[in-house]
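The next block holds one structure in the form of structure tokens; read it before the comments.
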Amino acid sequence: MKNKVSSSTLLAILAVGVMTFSGVTVETSMNITFPTLMSEFNIGLGVVQWITTIYLLVLSSVIPISKFLKSRFKTQHLFIIANLLFLIGLLLDAFSPSFYILLLGRVIQGIGTGIALPLMFNIILENVPKEKLGLMMGIGSLITAAASAIGPAFGGAIVTALGWRYIFVILMPVLLISLLIGMFSIPKLIQHDLENSRFDLRSFILIILTFAGLIVGISNISAYPIISYMIYLPIIIGVIALILFVKIQNSSANPILNVSILKNISYAKYVIAFFINQLIILGLAFIVPNYVQIINKSNSSVAGFILLPGAILGAIISPISGILLDRFGAKKPILSGITLMIIPLLMTTVFSVNLSNYWFLIAYTFIMIGVGMSYGNIMTQGLSYLKPSLSADGNAILTTVQQFAGAIGTAIVSTIVTKVGQLNVSDNGTFGYTFALAFLMALSLIQFAIIYSTKNKKINS
């Protein structure tokens with residue numbers, strides 16, 4: 001049957017998905033360890049957040065070249081390289097003697113995951129029939145969402161029982177299983193002719209400068225005075241690099257990333273909505289465990305398990321919402337999901353001065369159900385506005401934006417919590433968290449308006 005997904009495709013998605021799953025798991029697990037790492041390495045909140053930020057910075061820099069990697073190398077070779085790099089990063093972090101070695105391990109993990117993440121969605125886009133595309137994109141989102149579900153609870157339990165280093169140790173056999181499954185299944189997929197294209201080093205350097213400048217500048221806001229050159233200089237460098245990158249891509253016969261597809265207004269609007277969605281997810285992943293541990297004085301296990309029910313339900317909802325998209329279109333499930341995010345964010349902001357752990361459990365559960373309804377469908381619907389030949393570019397842009405949003409989401413939220421919290425030292429430390437939650441709520445309203453104002457399009461048309 002033409003609309004049937006082959007077993008090789010399912011196994012390949014599983015193999016690459018397990019690696020992506022591990023990347024997201026270790027990312028969200030490390031958010032739980034922030035207070036522990038701050039104490040062990042004698043560092044502040046603005047420094048420890050680089051555990052997440054530098055990982056997402058590397059992802060943001062590697063993902064844009066996924067189109068080049070896809071055209072230049074076989075899928076199975078990319079998969080093996082990504083897997084081995086991730087394993088090396090895990091080894092470094094498990095035995096790191098200092099915070100800087102820990103960051104180096106995160107960089108290497110970021111390279112591996114940066115290769116794997118677009119690879120998973122490219123496999124889905126190229127090997128899954130259109131009738132099943134919404135479902136399989138939902139399953140792809142389920143893989144990352146499930147990692148978000150397990151990550152905080154996994155991290156909290158491991159930190160309490162064994163210590164934070166075992167977060168990396170336990171993931172090593174998981175990566176080895178992924179490697180074996182991928183080596184068996186990926187060679188059986190549709191293989192395209194490779195191109196002997198030249199790597200555009202100049203454009204890649206501009207990509208790194210863009211994301212490094214913007215992320216470092218934004219992250220430095222929490223550590224330096226608001227008028228410091230340590231803030232504005234990196235941001236200016238990032239903006240200039242971005243302008244030069246876009247100019248070079250638009251004038252190139254074979255661009256490393258076809259940014260001209262952003263002239264498609266409908267696609268561009270969904271890119272913005274996807275950016276906001278990811279920023280909210282990572283922002284909450286910072287706020288909730290830190291509020292629970294620092295304000296409510298609970299341990300890391302409690303913080304992790306508070307996030308677990310919502311993240312699990314959100315993960316389960318992802319493929320179901322994909323089925324709804326296949327049958328009824330994207331707009332209804334996406335807008336319903338965003339509404340489920342707006343209401344608890346509003347109520348949490350209003351009552352943020354005194355939030356119990358039970359309140360966070362309920363609010364976060366509804367928010368993540370909303371994420372499950374909207375997250376994968378935003379990506380699928382956004383790509384539907386592009387020609388199939390542009391899917392690799394569209395996927396690269398969406399996945400890059402996803403990671404960049406996560407990077408600056410953590411940096412922005414930690415900055416708001418730190419800087420705004422310093423303005424009112426008379427409260428119990430919640431002032432900064434109130435403004436951070438209000439910021440995320442405002443973004444969710446903007447996201448709703450963007451999706452509502454965009455014309456719908458059937459995926460199978």
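Start at 1 with the first residue, then count along the sequence.
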Among all residues two or more places apart in sequence or in another chain, which pass the side-chain contact (heavy atoms from CB on, under 4.5 Å) test with [X]?
X    : result
T160 : S300, S301
F184 : L11, K188
A436 : I287, V413, I416, V417
V271 : L262, Y267, I397, L398, V401

Please identify each residue that fulfils ring-ring contact (aromatic ring centres under 6.0 Å, His included) with [X], with sequence neighbours left out.
X    : answer
F211 : F404
F245 : none
Y166 : none
F439 : none

(message) Which residue is it: M373, M441, Q447? I am looking for the one with a side-chain contact (heavy atoms from CB on, under 4.5 Å) to M341.
(response)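 So the option named by the test is Q447.
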(request) Any pair with a residue in residues 172-187 that passes salt bridge (charged side-chain N to carboxylate O under 4.0 Å, His left out), sequence neighbours left out, goes on the list, sorted by first then second residue, please. (result)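 Matches after skipping sequence neighbours: none remain.
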(request) Could you go through the side-chain contact (heavy atoms from CB on, under 4.5 Å) check for F168 and L92 one step at a time? (result) CA-CA 9 Å; F168 305 104; L92 274 177; over 6 Å; no
For residues 272-285, please give each side-chain donor-acceptor pair under 3.5 Å, one per line with the distance, not counting sequence neighbours.
unit_1 : atom_1 : unit_2 : atom_2 : d
N277   : ND2    : S374   : OG     : 3.1

(request) Mind running side-chain contact (heavy atoms from CB on, under 4.5 Å) on I367 and L340 for me, showing each step along the way? (result) CA-CA 6 Å; I367 291 170; L340 282 174; over 6 Å; no
Hey, are the side chains of [X] and [Y] touching, using non-hydrogen atoms and a 4.5 Å cut-off?
X    : Y    : answer
V371 : M368 : yes
I115 : F79  : no
M30  : L37  : yes

(message) With side-chain hydrogen bond (donor to acceptor under 3.5 Å, both in side chains) as the criterion, how do N357 and S298 come out once you've worked through the C-alpha distance, each side chain's angles and the decisive distance to 0.1 Å?
(response) CA-CA 9 Å; N357 292 345; S298 299; 2.8 Å; yes
(message) Could you tell me if N258 and Q249 have a donor-acceptor pair between their side chains, going purely by distance under 3.5 Å?
(response)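 Side-chain D/A pair, Q249 to N258: absent.
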(request) Give the intermediate values and the outcome of side-chain contact (heavy atoms from CB on, under 4.5 Å) for residues S178 and N83. (result) CA-CA 8 Å; S178 164; N83 199 296; 3.4 Å; yes
(request) Tell me, please, which residues at least two apart from R165 pass salt bridge (Lys or Arg N to Asp or Glu O under 4.0 Å). (result)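 Counting only residues at least two positions away or on another chain, R165 forms a salt bridge (Lys or Arg N to Asp or Glu O under 4.0 Å) with E40.
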(request) With sequence neighbours left out, write down each residue that passes side-chain hydrogen bond (donor to acceptor under 3.5 Å, both in side chains) with Q293, or none if nothing qualifies. (result)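 In terms of side-chain hydrogen bond (donor to acceptor under 3.5 Å, both in side chains), with neighbours along the sequence ignored, Q293 is linked to no residue.
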